[in-house]
Visitor: 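Quick one: the structure is below, questions incoming.
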Amino acid sequence: MCDHSLFIYSHQGITLYALVYVDDILVTGSSSTLIHKVISKLHHEFALSQLGRPEYFLNLEVIYQTNGSIILTQTKYIRDLLSRVNMEEANGVTAPIFIHCKLSRFGTDIMEDPLLYRYFVGALQYITLTRPNIAYCINKACQFIANPLDSHWSMVKRILRYLIGTASFGLKLSPANLNQDLSIRAYSDSDWANDPDDRRSTSGTCIFFGPNLISWSSKKQSLVDRSSAEAEYIALAHTTTELLWL
């Protein structure tokens, strides 16, 4: 079930976004006149309370800087998540996953409470909205949701330990220089045959529009690659598809 909707209106270079979540609405866009017009029409039909510019919405915290930039963080959400697993005082780590980490879905160390694993992996997926740097390890954790093992849960707890010391990290969005042409830049990568069970690789993609990171993903490839070069080309093809869509 989807409990939120995103509406986009664009006409003659003016764009308006409206994110609706149950009874909360976030309206933003490139025209302040259009924003006020929409809010006025909504207020005419419904009882509205205007709270001003957003500072906390859907567990996203918005920090405004003097140069016009904003930083999106999920500090409170992360700390609440850590408290639910009693890890607020745990020792932090400098990386969310071990280098060359290879976990198998086969094993005898079956986790006693698989629902606990599924809950926290689902909660961690939401954090990737502002933390692209953990998208890869969250993708790995999601591959074991059906039958999690204790070794998989250890990886999830390591991700949580990494978040202890980086809870205030976030995604920075800076205003673009209108005197310069905006460019779209993309980067791709892959880990060749890193899955010990099926020998499939994982593709990684990040795309910048001007100075800002606007799209990122980590996805397991559907085919087995015969070389690292082939894995890189598949990742590049996926990135090109995203670029063409943008």
Side-chain angles (χ1 to χ4, degrees), residues 1-81 83-84 119-135 138 163 167-184 186 205-217 241-246:
M1 178 180 293
C2 181
D3 53 7
H4 65 276
S5 301
L6 175 64
F7 301 94
I8 303 176
Y9 167 81
S10 183
H11 180 65
Q12 295 181 348
I14 297 176
T15 305
L16 180 75
Y17 301 89
L19 180 60
V20 182
Y21 179 79
V22 190
D23 57 354
D24 297 323
I25 303 175
L26 176 63
V27 181
T28 186
S30 57
S31 170
S32 57
T33 302
L34 182 59
I35 292 174
H36 291 302
K37 185 177 180 180
V38 169
I39 294 176
S40 177
K41 287 184 176 293
L42 287 172
H43 188 65
H44 181 73
E45 298 292 336
F46 311 99
L48 297 181
S49 297
Q50 298 186 44
L51 303 179
R53 67 181 188 178
E55 294 185 355
Y56 191 82
F57 187 77
L58 296 181
N59 289 314
L60 296 175
E61 302 166 54
V62 185
I63 301 173
Y64 297 88
Q65 299 189 310
T66 55
N67 63 352
S69 301
I70 64 172
I71 299 176
L72 302 178
T73 69
Q74 293 169 286
T75 305
K76 182 179 182 302
Y77 180 78
I78 292 173
R79 288 175 177 167
D80 290 344
L81 197 62
S83 66
R84 291 175 190 173
Y119 171 82
F120 278 97
V121 170
L124 287 170
Q125 278 187 287
Y126 188 66
I127 299 178
T128 59
L129 288 174
T130 61
R131 300 292 296 276
N133 61 325
I134 64 171
I138 299 302
L163 293 174
S168 61
F169 287 14
L171 184 67
K172 184 177 181 179
L173 300 176
S174 303
N177 187 350
L178 298 180
N179 296 322
Q180 298 178 354
D181 293 334
L182 295 178
S183 62
I184 296 180
T205 297
C206 64
I207 301 176
F208 288 81
F209 179 54
N212 299 313
L213 180 63
I214 62 169
S215 177
W216 55 92
S217 67
T241 301
E242 292 294 314
L243 279 172
L244 292 174
W245 183 83
L246 289 171

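In this text, all values refer to a predicted model and were calculated from it rather than measured experimentally.
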Visitor: Quick one: does D24's side chain get under 4.5 Å of L58's, heavy atoms only?
Guide: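 D24 does not reach L58 side chain to side chain.
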
Visitor: Under a 3.5 Å distance rule, please check whether W216 uses its side chain to pair with a backbone N or O of T128 as donor and acceptor.
Guide: yes

Visitor: Could you report the tightest heavy-atom contact between T75 and A167, atom names first, then the distance?
Guide: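 Distance-wise, the nearest heavy atoms are OG1-O, 3.0 Å.
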
Visitor: Restricting to non-hydrogen atoms, name the atom on K76 and the atom on E61 that form the minimum distance, rounded to 0.1 Å.
Guide: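 Residues K76 and E61, closest heavy atoms: N-OE2, 2.7 Å.
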
Visitor: What heavy-atom pair brings A176 and L182 nearest, and what distance separates the two atoms?
Guide: CB-CD2, 3.4 Å

Visitor: In this structure, are over 12 heavy atoms from other groups packed under 6.0 Å from D181 atom CG?
Guide: no

Visitor: Does a salt bridge link D80 with R84, judged by any charged N lying under 4.0 Å from a carboxylate O?
Guide: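 So D80 does not pair with R84 through a salt bridge.
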
Visitor: T205 and I207: side chain to side chain contact (heavy atoms under 4.5 Å, CB included), yes or no, with the steps?
Guide: CA-CA 7 Å; T205 297; I207 301 176; 4.0 Å; yes

Visitor: Starting at CG of N59, measure out to CG of L129 and round the result to the nearest 0.5 Å.
Guide: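 With rounding to 0.5 Å, CG (N59) is 10.0 Å from CG (L129).
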
Visitor: Can you measure from CZ (R79) to CG (L81) and round to the nearest 0.5 angstrom?
Guide: 13.0 Å

Visitor: How long is the span from the SG atom in C206 to the CD atom in E242, to the nearest 0.5 Å?
Guide: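 One finds 12.0 Å between SG of C206 and CD of E242.
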
Visitor: Within the distance-only criterion (no hydrogens, no angle test), does the side chain of N212 pair as donor or acceptor with the backbone N or O of S174 below 3.5 angstrom?
Guide: yes

Visitor: Does Y64 reach the main-chain N or O of I71 with its side chain, forming a donor-acceptor pair under 3.5 Å?
Guide: no

Visitor: Could you pull out the closest heavy-atom pair between I127 and Y77, with the gap in Å?
Guide: CG1-CE2, 3.5 Å

Visitor: Can you measure from CG (L60) to CD (E55) and round to the nearest 0.5 angstrom?
Guide: 13.5 Å

Visitor: Could you tell me whether Q50 atom CD has more than 12 heavy atoms of other residues or ligands within 6.0 Å of it?
Guide: no

Visitor: Taking all heavy atoms of P175 and all of P211, pick out the closest pair and write down the distance.
Guide: O-CG, 4.4 Å

Visitor: Do the non-hydrogen side-chain atoms of I70 and K172 ever get within less than 4.5 Å of each other?
Guide: no

Visitor: Might you point out which heavy atoms bring F208 and L213 nearest each other, and give the distance in Å?
Guide: CD2-N, 3.6 Å

Visitor: Between N177 and N179 (side chain of the first, backbone of the second, donor and acceptor by atom type, cut-off under 3.5 Å), is there such a pair?
Guide: yes

Visitor: In Å, rounded to the nearest 0.5 Å, how long is the span from NZ of K37 to OG of S31?
Guide: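 Atom-to-atom, K37:NZ and S31:OG are 9.5 Å apart.
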
Visitor: Using modelled atom types and a 3.5 Å cut-off, is there a donor and acceptor pairing between side-chain atoms of T130 and backbone atoms of L171?
Guide: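 Absent.
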
Visitor: Measure the spacing between CG of L34 and CD1 of I39 and express it to the nearest 0.5 Å.
Guide: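 Reported value, rounded in 0.5 Å steps: 10.0 Å.
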
Visitor: Restricting to ring-ring contact (aromatic ring centres under 6.0 Å, His included), what partner residues turn up for F169, sequence neighbours left out?
Guide: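 Scan of F169 (ring-ring contact (aromatic ring centres under 6.0 Å, His included), adjacent residues dropped) gives none.
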
Visitor: Mind checking whether T73 and V62 have side chains closer than 4.5 Å, heavy atoms only?
Guide: no

